[in-house]
Amino acid sequence: MSPSKVSTIKWDEFYNIINGQQRTGKDVHHGVNPSTGEKLWPVPIGNQKDVDEAVSVAQKAFESWRNVPIKERKEYLNKFKDVLLQHADDMTELLCAETGKPKQIAELETKGLVGWFSHHDTLDIPEDRVEDDEKTITTRYTPLGVVGAICPWNFPIILSIGKIIPALLTGNTIIVKPSPFTPYTTLKVVELAQEVLPAGVVQAIGGDDYLGPMFTANPGISKISFTGSIATGKKIMAACAQSLKRVTLELGGNDASVVLPDVDIKKTAPELVMGAFQNTGQVCVATKRIYIHKDIYDELLAEMVNFTKTLTVGPPSEGAFLGPIQNQMQYEKVKDYFKDTKEHNYKFAVGDSEVKPGKGFFVQPTIIDNPPDDSRIVQEEPFGPIVPTLPWTDEEDVIKRANATNTGLGACVWGKDLARAESIGKRLEAGSVFINSWEKPTPQAFFGGHKESGIGGEWGGEGLKAYCNAHVMHTYKS
Ligand code: NAD
């Protein structure tokens with residue numbers, strides 16, 4: 001198989017990538033720079049014809065790609081990584097424009113993607129054998145076919161690369177659908193892939209709200225890997241049931257941090273703040289509820305307030321620590337939590353009780369001091385820089401409160417007594433529990449949610465199986 005090679009990259013022109021080619025369309029839409037509210041470049045809106053063509057191209061490419069030995073597939077992926085790295089600075093600039101992320105946070109995606117490639121480079125597709133006197137049973141893991149990757153807007157590069165790498169490594173082909181809010185970097189990632197990968201192995205189609213359902217309805221797509229909200233995840237699962245597509249759903253969360261009374265207050269306070277506010281709180285595994293033991297509640301909260309006051313908010317060009325909310329729709333949602341908190345007279349420990357209108361979608365990081373357990377800010381996922389702190393006294397009770405949610409994505413426990421912290425951590429109903437750290441998903445670890453935070457999961461050695469059928473052969477001695 002030979003690479004499809006597209007022409008020289010232009011950083012102000014964006015295309016869907018189908019069959020190794022750049023495709024425009026008669027309909028276009030625009031992203032918005034969240035730091036300025038200004039329109040960004042036009043991008044084509046993919047339609048049914050584009051999806052049908054991409055699926056049939058991907059099915060054809062699958063017939064060859066599945067037979068490329070894994071060693072060679074890894075070589076292709078390494079070349080793909082190199083091409084992305086060659087363009088990392090341009091990609092960082094583009095990511096800052098489309099998301100408003102500060103440069104150093106954007107680079108975690110544009111340069112940090114190396115870690116996702118290099119870890120997968122160490123993995124092999126598992127094969128299990130059981131033998132007795134009569135027979136050998138071999139379980140192999142075979143690719144599914146064409147994968148549809150439906151992605152959100154908060155980490156446009158890592159969350160698409162995190163699907164592309166394992167899908168290709170296991171011998172699948174993939175079509176990526178970026179969020180309409182952040183199409184630019186994802187389309188460029190896939191455009192760059194064409195310089196080294198055979199046509200049809202990885203394609204990308206961006207578009208509007210009608211595009212995702214075209215993916216889930218297409219019988220030629222064998223699996224949907226979706227990252228996004230719980231509400232959309234439910235729609236996707238229902239739509240995929242029609243053709244019994246495999247689904248992986250990586251959804252939202254309302255992650256709790258439980259802080260034990262023995263923590264080093266000065267050290268822990270900034271970490272708790274980082275866990276809540278990194279990427280302006282727009283992280284699926286951001287800390288969204290902080291339960292602090294009552295003996296240290298006032299002192300720890302005061303330290304958290306002090307640290308929060310040091311965080312600068314502004315556009316990437318000003319080198320601020322926190323960027324804007326990525327889009328207007330989310331900005332309005334976040335503002336609603338401020339309104340609700342103000343209307344109920346809950347206490348703002350830090351942050352403005354009102355979000356001041358301006359050119360960009362900026363919100364000051366805000367801590368709400370001890371709102372009731374049934375308040376919206378405790379019960380829901382704001383997906384923005386606003387977090388409640390809540391005192392606790394009884395261990396059983398705080399575990400119950402932390403688990404009292406329909407979600408179960410991540411959780412943290414903080415304490416010097418590791419045995420106690422781990423024993424609480426074991427009882428938290430969440431896919432990923434961190435002890436003495438805020439949540440830092442990594443390609444080495446399987447990642448998935450309990451309860452309504454998802455179905456299945458991805459990454460780590462186990463995550464490769466999410467892109468495979470189990471194929472079991474029972475060989476009897478003749
Ligand atoms: P979203 O559900 O609104 O959109 C995600 C994607 O789904 C977009 O590409 C969108 O166009 C597409 N989509 C929308 N309706 C669809 C439909 N009916 N059929 C198919 N596709 C459809 O989510 P979002 O606002 O982009 O992302 C924020 C949410 O994602 C938060 O809840 C966050 O917690 C969650 N998230 C989860 C993870 C995780 O790994 N668990 C990671 C990041 C974000």
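In each ligand, atom 1 is the first atom listed, and ligand 1 is the first ligand listed. Along the sequence shown, residues are numbered consecutively beginning with 1.
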**Study point:** Met237 atom CE: more than 12 heavy-atom contacts under 6.0 Å
**Key:** no
Review point. Residues two or more places apart in sequence or in another chain: which of them pass side chain to side chain donor-acceptor pair (under 3.5 Å) with Ser432?
Key: none
Review point. Under 3.5 Å, side chain of Asn403 to main-chain N/O of Glu429, donor-acceptor pair present?
Key: yes
Ligand 1 N/O to protein N/O, distances under 3.5 Å:
{"from": "ligand 1", "atom 1": "2 (O)", "to": "Ser229", "atom 2": "N", "distance (Å)": "2.9"}
{"from": "ligand 1", "atom 1": "2 (O)", "to": "Ser229", "atom 2": "OG", "distance (Å)": "2.6"}
{"from": "ligand 1", "atom 1": "2 (O)", "to": "Thr232", "atom 2": "OG1", "distance (Å)": "2.7"}
{"from": "ligand 1", "atom 1": "9 (O)", "to": "Cys151", "atom 2": "O", "distance (Å)": "2.7"}
{"from": "ligand 1", "atom 1": "9 (O)", "to": "Lys177", "atom 2": "NZ", "distance (Å)": "3.0"}
{"from": "ligand 1", "atom 1": "11 (O)", "to": "Lys177", "atom 2": "NZ", "distance (Å)": "2.9"}
{"from": "ligand 1", "atom 1": "23 (O)", "to": "Ser229", "atom 2": "N", "distance (Å)": "3.3"}
{"from": "ligand 1", "atom 1": "25 (O)", "to": "Trp153", "atom 2": "NE1", "distance (Å)": "2.9"}
{"from": "ligand 1", "atom 1": "26 (O)", "to": "Trp153", "atom 2": "NE1", "distance (Å)": "3.3"}
{"from": "ligand 1", "atom 1": "30 (O)", "to": "Gly228", "atom 2": "O", "distance (Å)": "3.2"}
{"from": "ligand 1", "atom 1": "32 (O)", "to": "Glu381", "atom 2": "OE1", "distance (Å)": "2.9"}
{"from": "ligand 1", "atom 1": "34 (O)", "to": "Glu381", "atom 2": "OE2", "distance (Å)": "2.6"}
{"from": "ligand 1", "atom 1": "41 (N)", "to": "Leu251", "atom 2": "N", "distance (Å)": "3.2"}
{"from": "ligand 1", "atom 1": "41 (N)", "to": "Leu251", "atom 2": "O", "distance (Å)": "2.7"}

Point to revise | Residue pair Pro180 / Asp209, side-chain heavy-atom distance below 4.5 Å | key: yes
Can you give the donor-acceptor pairs under 3.5 Å from side chains of residues 244-252 to other protein atoms, not counting sequence neighbours?
{"from": "Lys245", "atom 1": "NZ", "to": "Thr216", "atom 2": "O", "distance (Å)": "3.4"}
{"from": "Lys245", "atom 1": "NZ", "to": "Asn218", "atom 2": "O", "distance (Å)": "2.5"}
{"from": "Lys245", "atom 1": "NZ", "to": "Ile221", "atom 2": "O", "distance (Å)": "3.2"}
{"from": "Lys245", "atom 1": "NZ", "to": "Ser243", "atom 2": "OG", "distance (Å)": "3.0"}
{"from": "Arg246", "atom 1": "NH1", "to": "Leu244", "atom 2": "O", "distance (Å)": "3.0"}
{"from": "Thr248", "atom 1": "OG1", "to": "Lys223", "atom 2": "NZ", "distance (Å)": "2.4"}
{"from": "Glu250", "atom 1": "OE2", "to": "Glu458", "atom 2": "N", "distance (Å)": "3.3"}

Review point. Who passes salt bridge (charged side-chain N to carboxylate O under 4.0 Å, His left out) against Lys339, sequence neighbours left out?
Key: Glu343
